[in-house]
Amino acid sequence: MSNLLNSIRDHAEGISLKNIKKSYGTNTVIENLSIDIKAGEFIVILGPSGCGKSTTMNIIAGLEESDSGTIHIGDREVQDLEPKKRGCAMVFQNYALYPHMTVADNIGYSLKIQGLKKQQRRERVEEVAKVVSLGSYLERQPSELSGGQRQRVAIGRAIVREPSVLLFDEPLSNLDAKLRQEMRMELSQLHSRIGSTSIFVTHDQIEAMTLADRIIILNGGHLEQFDTPSKIYEKPASTFVANFIGSPAMNLFDMTPTTSVYMNDLEPDCIEENTIVGIRPEHIEISESHGELTTVKYMEDLGSHKVVTVVLTSGEELLVATQLGQYIQINNRIRIFFPAEKLHFFDKTTNKRKEINLKITVAE
Ligand SMILES: Nc1ncnc2c1ncn2[C@@H]1O[C@H](COP(=O)(O)OP(=O)(O)O)[C@@H](O)[C@H]1O
Ligand SMILES: [Mg+2]
């Protein structure tokens with residue numbers, strides 16, 4: 001492994017936020033955020049537009065000041081340090097490359113500012129270019145590069161300073177769907193090569209699920225859940241997370257006598273009142289033999305499977321994802337069934353997940 005990569009790995013530091021609060025006037029943007037990030041982790045901050053993702057990142061980088069709370073990077077307390085003393089490097093959505101400079105000069109610019117001699121600069125730039133696979137593009141101008149290559153220049157320019165933390169704010173947002181997917185894979189590979197602590201902001205759940213070691217989900221400046229992608233999918237901590245992660249989204253409905261007939265392997269009294277039940281479209285079973293009748297109202301054919309909207313006898317509508325080869329048409333009456341082990345339960349007042357001891361009736 002190159003010296004640069006070893007050095008970046010050694011520089012990677014954990015980040016700890018404690019009781020971070022931020023308001024603009026009466027608008028509370030960050031409620032009370034405490035999180036611990038490990039050195040070398042790839043963290044994604046996910047949430048809808050305006051939920052405080054960029055603000056959180058800017059507070060870590062020092063581009064914005066929090067109203068209260070502490071920030072540690074490694075064992076340094078940094079909330080009062082100016083940005084350049086924090087050891088963070090940022091990659092932005094528009095890459096912010098210097099259009100009239102070559103790739104080499106773009107990557108090496110911060111070293112020039114630091115006063116590094118030409119020869120040393122050249123060596124570092126060449127090493128970085130190798131890491132981001134731009135070795136043969138050093139003399140090109142940004143206009144002569146693809147979107148993906150420009151993104152790599154921006155990353156090269158960030159890692160040349162051997163930062164403790166790499167910060168990305170929606171860097172893939174203005175790319176088309178195919179390029180986004182390619183860049184996701186590239187970023188993921190780059191991260192495992194570089195090994196820096198990385199924080200990546202996005203509103204795109206697919207980016208979050210595919211890139212992150214752990215995801216921070218924010219909702220209106222409030223932390224909904226901080227966990228691995230699989231935990232977030234399997235055990236969403238709130239109805240917000242349940243609804244935000246997964247495509248199509250989880251079905252959420254009130255537990256009532258009419259909805260409980262679809263859960264006929266459960267003893268009805270085991271579910272408390274004031275409960276919201278969730279089931280993912282891909283976990284609803286379509287069955288000939290058991291389950292209750294519903295009517296197919298609408299259908300989206302996605303090739304590999306269909307997403308069907310069905311109407312329950314109670315009038316509620318649910319999304320059901322079909323398996324390959326299941327033949328269904330609009331206005332069909334189909335039987336559906338919710339397997340007990342695939343159900344999620346939430347408290348209707350707090351919207352928080354609750355675990356219920358399910359009593360399952362044994363088939364005779
Ligand atoms: N400089 C500012 N002055 C006033 N309000 C701001 C400022 N920056 C951000 N906000 C508000 O803070 C909230 C969170 O913004 P931001 O962190 O940029 O959201 P996100 O990145 O999740 O889309 C928004 O309601 C936004 O309008
Ligand atoms: Mg933002």
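First listed ligand is number 1; within each ligand, the first listed atom is number 1. Computed over heavy atoms, backbone and side chain alike; hydrogens, waters and symmetry mates excluded.
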Is the Mg ion (ligand 2) less than 2.8 Å from an N/O/S atom of Met57, whether that atom is in the backbone or a side chain? no
Between ligand 1 and Ser49, can you find any atom pair, the residue atom being a heavy atom, that is separated by under 4.0 Å? yes
Distance-only side-chain donor-acceptor flag, Ser314 / Glu316, under 3.5 Å: yes
Short side-chain to backbone donor-acceptor contact, Asp176 and Lys178, under 3.5 Å: yes
Per-residue contact class, Thr55 against ligand 1 - non-hydrogen pairs under 4.0 Å: both
For Gly52, take its heavy atoms, then give the atoms of ligand 1 lying under 4.0 Å from any of them. 14 (C), 17 (O), 19 (O), 20 (P), 22 (O)
Determine whether Leu46 and Glu224 make a side-chain contact, defined as any pair of heavy atoms from C-beta on separated by less than 4.5 Å. no
Charged N to carboxylate O below 4.0 Å: is that the case for Arg124 and Glu162? yes
Kindly confirm or rule out an N or O of Val29 lying under 3.5 angstrom from an N or O of ligand 1. no
Any side-chain heavy atom of Ile284 within less than 4.5 Å of one from Val310? no
Nearest protein heavy-atom contact for atom 18 (O) of ligand 1: which residue, which atom, what distance? Ser54 CB, 3.7 Å
Any protein heavy atom at under 4.0 Å, with atom 4 (C) of ligand 1 as the reference point? yes
Could you tell me if any non-hydrogen atom of Asp169 lies under 4.0 Å from any atom of ligand 1? no
Atoms of ligand 1, numbered as shown, that sit under 4.0 Å from any heavy atom of Asn27: 25 (O)
Option among Glu64, Glu170, Met90 that satisfies the side-chain contact (heavy atoms from CB on, under 4.5 Å) test with Met57: Met90
Side chains of Pro281 and Val307: does their closest heavy-atom pair fall under 4.5 Å? no
Protein heavy atom at shortest distance from atom 24 (C) of ligand 1: Gly50 O, 3.8 Å
Any non-hydrogen protein atom less than 4.0 Å away from atom 8 (N) of ligand 1: yes
Looking only at non-hydrogen atoms, find the nearest pair between Leu145 and Arg150 and report the distance. O-NH2, 3.0 Å
